[in-house]
Amino acid sequence: KVMMNEGGYVAGGFARRIIRDASLKNVKQHFDRRGDIDFFFETGAGFVKTMTVLNDAHCHFTRTMANNAWMCMTSIRHTADLMEAIGDENGYSSILLQLIDCHFGAPEHMLSTFDFDNCKFAFNATHVWFDDEALDLEECKILRANPNASKLDLLGSRVCKYFSKSINDG
């Protein structure tokens, strides 16, 4: 909740699953494949405020290997909808959050920098954003790289990651 209040929004793979499926029903598969939830921020100030609040709540952050985000494990008990969707009986007492701090900006802008058009999905507490063609690509099971992406040097590893988390995916 604090992330959304500070100009944060969820974007990428988790947002893709929620928006594409229009449900939390199949979200367990996301975490079965070691999925995380990526939070982006419109401003650096919103990111700093969120980090401060979460640090005060005893979240222990570490830097990602790609050095583009801070990650922490958090209890799903803090998120009633997720708790109901995946629950403790499935062995998920916590989930991985990533707070992205390599770029800040409005969702529309951030989505334009994503390496795959298929991942151009985002939402916050009141709005949903997605690329017009993203749903069609997903339905046709076509992966399309974005030639205007900010970083294409990791594209090979990103393709492997996408397929490992999307195989047999709805």
Side-chain angles (χ1 to χ4, degrees), residues 1-24 26-27 29-31 33-51 53-54 59 61 63-74 76 78-79 81-82 85-86 95-139 142-152 154-155 157-159 161-166 169-170:
K1 198 173 194 179
V2 66
M3 293 176 238
M4 301 286 185
N5 290 340
E6 295 300 330
Y9 50 94
V10 175
F14 184 75
R16 174 182 143 260
R17 177 177 297 281
I18 298 299
I19 296 167
R20 183 197 63 202
D21 296 350
S23 166
L24 285 173
N26 297 320
V27 76
Q29 291 175 341
H30 182 78
F31 297 108
R33 297 186 181 119
R34 296 181 308 174
D36 55 26
I37 301 175
D38 296 328
F39 277 89
F40 290 76
F41 294 85
E42 293 193 32
T43 66
F47 168 81
V48 169
K49 172 74 175 183
T50 299
M51 285 290 288
V53 170
L54 292 175
C59 286
F61 287 91
R63 198 76 181 143
T64 60
M65 286 178 49
N67 201 32
N68 63 350
W70 290 93
M71 60 185 175
C72 75
M73 295 298 287
T74 188
I76 62 170
H78 299 299
T79 311
D81 291 341
L82 277 179
I86 61 178
I95 54 174
L96 180 64
L97 299 180
Q98 290 197 118
L99 278 62
I100 311 299
D101 69 340
C102 58
H103 300 289
F104 300 105
E108 301 91 335
H109 168 71
M110 292 305 295
L111 293 180
S112 73
T113 69
F114 279 24
D115 51 4
F116 296 127
D117 291 333
N118 301 61
C119 294
K120 293 180 178 182
F121 292 89
F123 67 86
N124 66 15
T126 60
H127 293 86
V128 172
W129 299 268
F130 57 91
D131 183 273
D132 291 339
E133 296 179 335
L135 287 174
D136 291 337
L137 290 169
E138 286 293 295
E139 188 171 316
I142 296 171
L143 178 62
R144 186 170 68 196
N146 174 9
N148 301 315
S150 57
K151 280 192 146 187
L152 290 177
L154 300 174
L155 194 57
S157 63
R158 295 278 299 136
V159 168
K161 177 183 175 185
Y162 181 88
F163 281 115
S164 72
K165 292 190 177 193
S166 300
D169 192 16

| request: Quick one: pull up NZ in Lys49 and OG1 in Thr43 and give me the separation to the nearest 0.5 Å. | output: 12.0 Å
| Atom NE2 in His109, atom CD in Glu42: separation rounded to 0.5 Å? | 11.5 Å
| field | salt bridge (Lys or Arg N to Asp or Glu O under 4.0 Å) against Asp117, all qualifying residues, sequence neighbours excluded | value | Lys120, Arg144
| With Glu139 via side-chain hydrogen bond (donor to acceptor under 3.5 Å, both in side chains) - residues at least two apart | none
| query | With Asp136, which residues qualify under side chain to side chain contact (heavy atoms under 4.5 Å, CB included), at least two apart? | reply | none
| Listed partners of Asn5 passing side-chain hydrogen bond (donor to acceptor under 3.5 Å, both in side chains), at least two apart | none
| Measuring from Asp131:CG to Asn146:CG, what's the distance to the nearest 0.5 Å? | 8.5 Å
| Residues in side chain to side chain contact (heavy atoms under 4.5 Å, CB included) contact with Val48, at least two apart in sequence or another chain | Thr52
| request: Would you sort out whether Phe61 and Leu99 count as a side chain to side chain contact (heavy atoms under 4.5 Å, CB included), showing the intermediate values? | output: CA-CA 9 Å; Phe61 287 91; Leu99 278 62; 4.1 Å; yes
| field | Set of residues satisfying ring pair (Phe, Tyr, Trp, His ring centres under 6.0 Å) with respect to Phe39, sequence neighbours excluded | value | none
| task | Could you tell me whether a side-chain N or O of Asp38 sits under 3.5 Å from a main-chain N or O of Phe14, the two making a donor and an acceptor? | result | no
| remark: CZ (Phe40) and NE2 (His103) are apart, to the nearest 0.5 Å, by 9.0 Å
| task | Supply the atom-to-atom distance Ile100 CD1 to Phe47 CZ, rounded to the nearest 0.5 angstrom. | result | 9.0 Å
| said: Please give me the minimum heavy-atom distance between Phe114 and Ala11, naming the atom from each residue. | reply: CZ-CB, 3.8 Å
| said: I'd like to know whether Val53 forms a side chain to side chain contact (heavy atoms under 4.5 Å, CB included) with Met3, so could you lay out the CA-CA distance, the side-chain angles of the two residues, the decisive distance to 0.1 Å, and finally the verdict. | reply: CA-CA 9 Å; Val53 170; Met3 293 176 238; over 6 Å; no
Under 3.5 Å, which donor-acceptor pairs do the side chains of residues 122-129 form with other protein atoms, sequence neighbours left out?
unit_1	atom_1	unit_2	atom_2	d
Asn124	OD1	Thr126	N	2.8
Asn124	OD1	Thr126	OG1	3.4
Asn124	OD1	His127	N	2.7
Trp129	NE1	Glu108	OE2	3.2

| Phe41 CZ to Met4 CE distance, which is reported to the nearest 0.5 Å | 9.5 Å
| said: Considering only residues two or more places apart or on different chains, which pairs with a residue in residues 95-107 satisfy salt bridge (charged side-chain N to carboxylate O under 4.0 Å, His left out)? | reply: Arg63-Asp101
| field | Thr64: side chain to side chain contact (heavy atoms under 4.5 Å, CB included) partners, not counting sequence neighbours | value | Ala66, Asn68, Ala69, Met71, Gln98
